[in-house]
Each structure stands twice: as C-alpha cells, then as structure tokens.
Amino acid sequence: GKLKTGSARVERKGKRKEHSVAPQSSPQPTLLEDVANDPSLIGCAVAFFIQLVVYWLTLYPSIPGGDSGELVSVACELGVAHPPGYPLFTMIWHVFMAMVPFGTPAWRANLLSAIFASLAGTCLYWCANKLAPVSNAGAGLVSMALFSFSRLTWMYSVTAEVFALNNFFVGALLVCLVWYIHKPSVARACVGAFVSALATTNQHTTVLFLVVMVPWVLYHGRNFLFSSLKPIFFLSLCTMLGVLPYVYLPISAIVNSAEATWGDQSTLSGFLKHFLRQEYGTFDLGSRTTTSTTFSERLMMHFNSLGEETFFLVPFLVSAFVLFSYFDKRKVVRTCYIPILGMFAFYELFFTWRANLNIENKLLAGVHERFWMQPNMVLCLLSGIGLVYALEKAFHKSSQVKVMGIIVSLAILGGMVGMNFSARDESHNTAVADFGHSILNSLPKDSILLTRGDLPGNSVRYVHLCEGLRPDVRVIDLEMMTFDWFVPMLKDKFEGVVFPGTTYQFCSTCFQMKAFFDANYDNFPIFVFENLNEDDHTYKESYSVEYYGHAKRIVRRGDYFPTKEWFKNTTAALPKFAIPDPVKYDERTWEFVVYDGYLSSAIFLALSFESRAREARSEQDYLENMESAFEIYALWVDHIGDKLGSSAVQPYWHKNFGIVANTLFEKTGQEKYLRERNNQWHAYVTSGVEDQQIPVIEGILRKAGVKL
C-alpha cells in the first residue's frame with residue numbers, strides 16, 4: 001500500500017511538470033508556420049487588393065506638394081532628408097524606384113506609398129477580426145474602410161510621403177501586440193521589439209505609442225522575458241537590428257555624393273542634432289511656437305474632422321464599443337484593450353499639447369492634421385469591433401449578426417469609396433510638377449535659382465535632380481544656405497558658384513546677399529523664387545529684385561534692359577500649365593498655393609511695368625512700359641476668364657487695368673484705351689467690392705455715357 005501511495009505522488013508530480021512544459025511529442029509551431037496557418041490570410045489578401053486597386057486608380061502621376069519633392073529627390077540621390085533623416089524611407093524608396101522600369105520616378109515613389117498604405121489597412125482588418133466577437137462578419141472590413149478611404153488617409157496614401165509607411169508601422173505594432181497577447185512568447189516579443197525599433201527609423205511619432213506599449217509588454221511578460229539572460233539578449237539584439245538603418249545617415253554624409261541632402265551627420269554631434277530634430281525642436285511640430293488655439297480647440301478639431309470624414313460613424317461605433325465591450329468576458333480581448341486604449345490616449349493628449357503650428361492658417365492646418373492618422377487607426381479599429389457589438393445587441397441569432405455584418409460592412413465600404421473617390425482622384429493632377437517645370441524652363445541658360453519655401457524648393461529640386469531637367473541651372477536653397485554645414489559640404493556641387501564666406505549669416509566669417517551677388521552677378525543670371533530674406537538689406541542699394549514671369553530676377557542698379565526686350569522675355573516666362581481646380585483644392589492644399597501663385601504672377605509683372613514707367617528715362621520709355629502693362633492685363637484677364645470663368649478674375653485687376661488704360665488714353669487719345677477703361681471699370685463697380693473710390697469711378701463712367 002505504501003508503494004502504491006508513493007507511485008501516486010510521483011504520478012501527480014509528473015502531471016504538474018507536464019502542465020508547465022510542452023511535451024516533446026507535440027512541438028510548438030514556428031513563427032512562420034503559425035502565420036502560414038492563419039485562416040484570415042485569404043481575407044487579408046482580398047482587403048489588400050481592394051485598397052491597392054483603388055489607390056492605384058487615384059495615384060498622383062508625378063510629384064505632389066509638401067515634402068514629397070525633397071523626399072523623392074533624396075531617395076534618388078541617396079542623400080539625407082530633413083530631420084530626423086528618414087533613413088528607412090530613403091533606402092527602400094531608392095531601391096523600389098530603381099527596380100520599377102516604368103513611370104516617372106515620382107509615380108514609382110507614389111506607388112510604393114500606396115502599397116504600404118494598403119498594408120496598413122490590412123493590418124487593421126486583421127486586428128479587428130481577431131478582437132471581434134465570434135459572431136463577427138465585417139469588423140475588419142469596416143475598420144479598414146473607415147480608415148483607408150477617409151479623406152485624410154487617402155490623401156497621403158497616393159503620394160510619396162512618410163505617412164503611408166508610418167501608418168503601416170502603426171498597424172504592424174497593433175498586429176504584433178494582438179498576436180503577442182493571443183499567445184505570449186519570447187519569439188513574439190522579439191518580433192515586436194524589432195518592428196518597434198524599425199518604426200522609429202521612419203517617423204518619431206510612433207514613439208508616442210511605444211512609450212505605452214513597450215512597458216506594458218515587458219510587464220505583462222516579466223515572468224518569462226526576464227527569466228534569464230537569453231531572452232533579454234535576444235530582445236536587445238532585435239532592438240539594435242531595428243535601429244540599424246540610422247547607420248545610413250553618417251555613411252551618406254561621409255560619402256557626400258548627393259546634392260539633395262540635409263545636415264552633416266559624419267560627427268556624433270551632427271548625428272544627434274539631426275536625430276533629435278534640434279533644428280525644429282525635439283518635441284515640437286514646428287521650429288516656432290505660433291499657435292493661438294487652445295488645447296481643447298485642437299482636440300475638438302480632430303474629432304470633428306474624423307466624424308465628418310466617416311459619416312459620423314466612428315463616434316457612433318466607438319461609443320457602441322465603449323458601452324458593450326464591458327460585457328465581453330474573453331480574457332485575451334480584455335487584455336488587449338488596456339494597452340491599445342493607453343496608446344491612443346497618450347498619443348492624442350501629447351501630440352495635441354505639443355502641436356504648435358498656427359492652424360488658423362489653412363495650409364498649416366493641413367500640415368497639422370496629417371498627424372491625426374495614427375490615433376485614427378485605433379479609433380477605426382474600435383469602430384469595427386463596436387459594429388459587431390451593436391449588431392449582437394440588435395440581433396440575437398449569430399447567423400443574423402453575420403448576414404447584417406456583411407451587408408453593413410459592404411455598404412460602409414461602398415459609401416466611403418463613393419464619397420471620397422472624386423475628391424481624392426489625383427490621377428490627372430500634375431500641378432506641382434508643372435509648377436517646377438514652369439520655373440526652371442523660364443530661366444536663361446546657366447542661371448542661378450535661389451529658392452525659398454517648400455513648394456518652389458521641393459518641386460524644382462525633384463524635376464531638376466530626378467528627371468534631369470535643366471542641368472545647366474544651379475538650384476540653391478536660401479534657407480539651407482544659413483546652416484553651417486551647407487557651404488563646406490555642398491559648395492562643390494554648384495559648379496562656378498562662389499560662396500564668399502562660411503555661411504549665409506551675420507557674423508565675421510559669414511556673407512550676406514550683397515557679397516553673394518557681387519561674386520556671381522557677372523558670371524550668372526541670378527533669379528529668386530519666391531523672396532529673399534527680409535532681414536537682409538545689404539543688397540538693396542546695389543541691386544533690385546524685378547518680376548520675371550513666375551520668378552524674380554536680380555538686376556544691378558544702373559543696368560538697363562530695353563523695355564521691348566524685357567517684355568518679350570518676362571511674358572515668355574509666365575506660367576502656361578493647367579490651372580488647379582480651386583473648388584477641389586481648398587486652402588489646406590499645395591495645389592491651392594500653385595493656383596494662387598499662377599493667378600497673381602502676371603498681375604505682379606504688370607505692376608512691375610507700371611513701376612518701371614514711373615522711373616522711365618523718356619516719354620517714349622514711359623509709354624512703352626505702360627503699353628506693356630496694358631498688354632499683360634489684357635492677356636491675363638482674358639486668359640483666366642477663358643480658363644476659369646469671369647468670377648476668377650479678381651475685382652482689383654479690373655480697377656488696375658482700367659487705370660492703365662485711362663492713363664494711356666490721356667497720353668495718346670486712342671479710342672481703344674477709352675473702351676477698355678470703360679469695360680474694366682464697369683466690371684469693377686458692378687463686382688460688389690467695397691471701395692471709397694467707387695463713386696469717383698462711377699462719375700467718370702456716367703460722364704463717358706456708360707450705363708450702370
């Protein structure tokens with residue numbers, strides 16, 4: 001009997017041991033086997049295909065606005081992008097653009113963004129289906145549709161920007177988290193560590209998710225992740241492998257073969273300066289604190305925008321999730337919600353606190369809103385799950401829930417695509433590329449072009465460096481010229497250009513614009529787009545800045561260009577590309593900036609001829625300049641009226657045109673000037689504009705017999 005009792009004790013001990021260690025006869029599947037056996041892969045493939053097809057159909061054919069021109073130029077030349085450098089983007093896009101044998105470099109880059117954007121939506125699809133109740137049939141599709149085909153996400157999914165890749169990494173982090181919680185292991189934690197580290201080599205905003213996710217995973221898995229040095233070693237190794245792309249930055253700086261580059265990362269201090277975004281402010285969105293909105297106003301701006309873009313389904317479905325998720329007793333699901341909600345809350349609150357752009361400026365508001373996509377992913381994920389919860393409460397049978405889930409999810413998918421397709425169809429939008437072509441093609445041979453601002457700098461840089469347009473022109477960024485690394489690193493890239501100092505600043509070894517113009521004026525025609533530095537007045541006594549089509553030309557005082565020759569050259573340089581649609585592209589877009597610049601270019605040129613007339617050396621010269629202004633007004637009023645309709649012609653154009661016509665009539669007595677004056681002033685006084693001079697103009701018109 002004693003022997004039997006002892007045997008029982010041994011057997012019970014053996015069973016306890018077998019419970020904690022997997023039997024040798026049934027080994028755990030590898031990570032690859034685990035992924036390959038996932039039954040949701042077919043659905044994920046279909047979701048990916050749907051997104052990619054829609055994105056492909058609406059893809060930009062060339063470079064869009066924003067940072068795309070710089071990012072693609074850097075990828076073309078293997079330089080370094082603006083802080084923090086985006087090394088992963090640069091390397092992946094360089095390889096992809098080299099491999100794809102068709103399309104412009106920008107189109108290829110846009111296509112790769114569409115691929116990563118499709119992967120991001122597919123990650124949401126997978127996560128929602130994993131977390132939704134067992135009666136689910138549509139959670140993944142709803143999450144994907146609400147996120148991927150919203151106005152904001154779609155906008156950055158068809159353009160070569162870092163946001164599509166960043167969205168993919170946020171989606172991948174959510175996948176890693178859900179995957180880990182379903183079956184915690186060292187291997188899955190290591191995959192998460194690698195993806196987390198790799199995500200930081202694209203955009204640093206992912207850190208706002210990681211500061212919640214990483215500590216939570218480490219705490220959740222503390223019993224096996226810190227059980228020995230082995231898991232700690234592998235976690236550390238995977239993290240280091242993930243950040244390895246940052247080695248690219250000093251390598252690129254040391255090789256120094258790219259004209260499109262930013263900063264000198266060949267030293268530790270230079271690397272840290274770039275990595276930490278010290279030129280912008282490490283924890284700020286912009287380099288200057290300019291916002292006048294409150295924290296709560298910025299928060300509500302985000303939620304209102306997301307609601308408007310999704311038929312207000314996201315607020316409703318997230319509310320359903322909050323109400324009904326409490327009753328979901330599945331442990332794995334309840335465990336997931338803690339870090340996911342924590343990640344969302346920390347990102348939303350921290351970003352809203354630190355976002356310092358002046359969002360009263362519509363263009364800056366557009367820059368601000370693109371950082372909403374990451375928290376939107378979480379809200380759209382919860383929306384898909386919330387839909388299933390709501391259907392379960394409305395229908396008691398699982399079959400009914402599944403049928404309604406399919407119907408509702410397909411309706412939401414169709415509604416989102418249908419609502420935004422026309423607005424987000426960029427397949428014929430070449431406005432920014434046309435803008436860059438127009439500026440470069442308007443310049444004489446062997447010119448220097450000084451650019452200032454993202455739109456002229458990035459659009460011109462792309463067509464110049466990636467498409468090889470006008471290799472004879474030296475394109476120099478005025479703002480980059482103020483950095484201490486610019487002249488030492490890049491002076492040899494601009495053949496023949498003299499930089500008369502170490503940097504463009506005010507210091508003992510620095511130079512200002514007068515010195516730069518003095519050193520280069522006799523060797524190159526010098527142009528600027530859009531303006532020179534307002535704080536630098538050193539050149540003004542010796543040089544003037546004259547409108548020249550789309551750009552402006554630097555002219556040494558005392559130099560004189562005959563009026564007819566100047567008129568011929570400057571009008572030939574006016575933009576002639578397709579004008580962006582101001583209805584489709586509002587003030588938040590770069591296309592609107594192109595539109596606004598297009599419209600004003602000829603008017604500024606006409607005003608410059610009026611100014612030349614006031615400084616004329618003779619009566620003949622005066623008349624030639626005023627006649628030039630008259631011809632430009634006539635050309636542009638007709639041109640814009642024909643292209644966009646009479647409503648696009650600004651009222652003050654009519655007023656100025658009438659003043660020029662009236663002046664010429666008084667000087668020459670020619671009836672054509674009188675007729676044009678009456679026509680233009682009639683259009684002005686009937687435009688509804690408020691002007692104290694209206695009664696005077698009306699009196700002149702009545703005296704001339706014009707009916708009002």
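Computed from a prediction, not measured in an experiment: that's the story for all the values here.
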Within [range] or reaching into it, pairs that qualify as salt bridge (charged side-chain N to carboxylate O under 4.0 Å, His left out) - sequence neighbours excluded:
range: residues 132-159; result: Arg151-Glu309, Arg151-Glu369
range: residues 421-431; result: Arg424-Glu426
range: residues 111-140; result: Asp38-Lys130
range: residues 155-164; result: Glu161-Arg370

Are Phe592 and Tyr595 near enough that their ring centres are under 6.0 Å apart?
-> yes
Do Trp636 and His639 pass the ring-ring contact (aromatic ring centres under 6.0 Å, His included) test, and can you show the C-alpha distance, the side-chain angles, and the key distance before you say yes or no?
-> CA-CA 5 Å; Trp636 215 241; His639 173 66; 4.9 Å; yes
Take Val158 and Asn110 through the side-chain contact (heavy atoms from CB on, under 4.5 Å) test and state the conclusion after the steps.
-> CA-CA 6 Å; Val158 294; Asn110 297 336; over 6 Å; no
Qualifying residues under side chain to side chain contact (heavy atoms under 4.5 Å, CB included), relative to [X], sequence neighbours excluded:
X: Leu349; answer: Phe295
X: Val207; answer: Thr200, Val211
X: Leu469; answer: His437, Leu440, Asn441, Val463
X: Ser438; answer: His550, Pro575, Phe577

Throw together a table of side-chain donor-acceptor distances under 3.5 angstrom for residues 84-103, partners on residues two or more places apart or in other chains.
from: Thr90; atom 1: OG1; to: Tyr86; atom 2: O; distance (Å): 2.9
from: Trp93; atom 1: NE1; to: Ala109; atom 2: O; distance (Å): 3.0
from: His94; atom 1: ND1; to: Ala75; atom 2: O; distance (Å): 2.7

Worked check of side-chain contact (heavy atoms from CB on, under 4.5 Å) between Leu363 and Glu587 = CA-CA 6 Å; Leu363 185 62; Glu587 293 171 308; over 6 Å; no
Would you say His368's side chain and Leu364's backbone share a donor-acceptor pair under 3.5 angstrom?
-> no
Keeping the roles fixed (side chain from Arg330, backbone from Leu131), state whether a donor-acceptor pair exists under 3.5 Å.
-> yes
Tell me, with the steps shown, if Phe316 and Ser383 meet side-chain contact (heavy atoms from CB on, under 4.5 Å).
-> CA-CA 8 Å; Phe316 171 76; Ser383 296; over 6 Å; no
Side-chain donor-acceptor contact under 3.5 Å, Ser68 with Thr159 = yes
Flag if over 12 foreign heavy atoms under 6.0 Å of NZ, Lys329 | yes
If you count the non-hydrogen atoms of other residues, nucleotides and ligands that lie under 6.0 Å from CZ in Phe312, is the total more than 12?
-> yes
Return the orientation label for the Trp353 and Phe350 ring planes: parallel under 30°, perpendicular over 60°, tilted otherwise.
-> perpendicular
Parallel under 30°, tilted from 30 to 60°, perpendicular over 60°: which one fits the rings of Phe321 and Tyr337?
-> perpendicular
Using ring pair (Phe, Tyr, Trp, His ring centres under 6.0 Å) as the criterion, list what pairs up with His302, not counting sequence neighbours.
-> Trp372
Which residues satisfy the ring pair (Phe, Tyr, Trp, His ring centres under 6.0 Å) test with Phe149, sequence neighbours excluded?
-> Tyr55, Trp154
Between Ser135 and the options Lys402, Glu392, Gln400, the side chain to side chain donor-acceptor pair (under 3.5 Å) test singles out Glu392
Contacts of Arg334 meeting salt bridge (charged side-chain N to carboxylate O under 4.0 Å, His left out) (sequence neighbours excluded), chain-then-number -> none
If you draw the axis of the six-membered ring of Phe327, does the NZ or CZ of Lys393 fall within 45° of it and under 6.0 Å from the ring centre?
-> yes
Residues Asn167, Gln374; criterion side chain to side chain donor-acceptor pair (under 3.5 Å); working and verdict | CA-CA 6 Å; Asn167 290 342; Gln374 293 87 333; 4.8 Å; no
